[in-house]
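In this chain, numbering begins with 1 at the start of the sequence shown.
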Amino acid sequence: AILNGFGGGASMLVGMAQYLKGFEGHEFVPQIAIVLAALIGGITLSGSLIAFLKLQEWMTGKPILLFGRHVFNLVLLLGCVAIAVILLAPGPSASLFQHLSPTSFFLIYCGISLLLGILLVIAIGGADMPVVISLLNSYSGIAVAITGFVLESNILIIVGSLVGASGIILTKIMCKAMNR
């Protein structure tokens, strides 16, 4: 679980570094990759840390079900989409919100992605953690592949794609096996 989290965290940090380095100089596809690397990496990092805490029994293994969690998670996800649109819009994208800089928007975006990872995993019980870890493994692979597009590294794209695909296949097999 913690290994997946580090992979996701590294992808998020690369996305943050590339954004802070100069987001506007990139072409549109790498801009989308930077935003996606931060989102998926953040969800993977915090979700994996919660899975680790549950497996180590440092946190209750029972599902923590918050009232209205599905609506709240949807609002957070839509907030991420809205911030991504603001960040990706051509020209001075934060002109609608003059009191916040684009960097502030990006940091809020990363914070929301971390919160999403926590909220998505705390609602799952300890018995299902192996499936969650398998899915988070897939997320970390996808985040690494997207980071490969950010850094223009073919090896990251290939390895991340293989890890992401194998994680999805393993997750599907595990879901079928656990629901027989």
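The hydrophobic cluster containing L49 also contains L135, counting ILVMFWY residues as joined when their side-chain heavy atoms lie under 4.5 angstrom apart, directly or transitively. Hydrophobic clustering, with ILVMFWY side chains joined whenever heavy atoms are under 4.5 angstrom apart, groups F72 together with I118. When the side chains of ILVMFWY residues are joined at heavy-atom separations under 4.5 Å, either directly or via intervening members, L116 and V75 end up in two distinct hydrophobic clusters. Connection of L136 to I169 is not established within any shared hydrophobic cluster, with ILVMFWY side chains joined at heavy-atom distances below 4.5 Å, either directly or through further cluster members.
Apart from V131 itself, the hydrophobic cluster it occupies contains L170, M174, M178, where clustering links Ile, Leu, Val, Met, Phe, Trp and Tyr at side-chain heavy-atom distances under 4.5 Å.
Taking both residues in full, the closest heavy atoms of T171 and G167 are given as OG1-O, 2.7 Å, listed atom of the first, atom of the second, then distance. The two residues K54 and K62 make their nearest non-hydrogen contact at NZ-O, 3.2 Å. Listed here is the closest heavy atom pair of A1 and S48: O-CB, 3.1 Å. When all heavy atoms of L39 and C80 are compared, the pair lying nearest together is CD1-SG, 3.8 Å.
Once rounded to the nearest 0.5 Å, the distance linking SG of C110 with CG of L115 reads 13.0 Å. Within the model, atoms CG of L66 and CD1 of I122 stand 4.5 Å from one another, a figure rounded to the nearest 0.5 Å.
No donor-acceptor pair under 3.5 Å is formed between the side chain of N73 and the backbone N or O of L120. A donor-acceptor pair under 3.5 Å is formed between the side chain of S166 and the backbone N or O of V163.
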What pairs of donor and acceptor atoms, side-chain ones from residues 149-162 against any protein atom, are under 3.5 angstrom apart with sequence neighbours left out?
residue : atom : partner : partner atom : Å
S153    : OG   : L156    : N            : 3.4
S161    : OG   : I157    : O            : 2.7

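At a cut-off of 3.5 Å, with distance as the only test, a side-chain donor of S11 or T147 sits close to an acceptor on the other residue.
The shortest distance between side-chain heavy atoms of F52 and W58 falls below 4.5 Å.
Classified by interplanar angle (parallel below 30°, tilted 30° to 60°, perpendicular above 60°), the ring pair F106/Y19 is parallel.
With M12 as the fixed residue, the side chain to side chain contact (heavy atoms under 4.5 Å, CB included) test singles out one of L114, I40, I43: L114.
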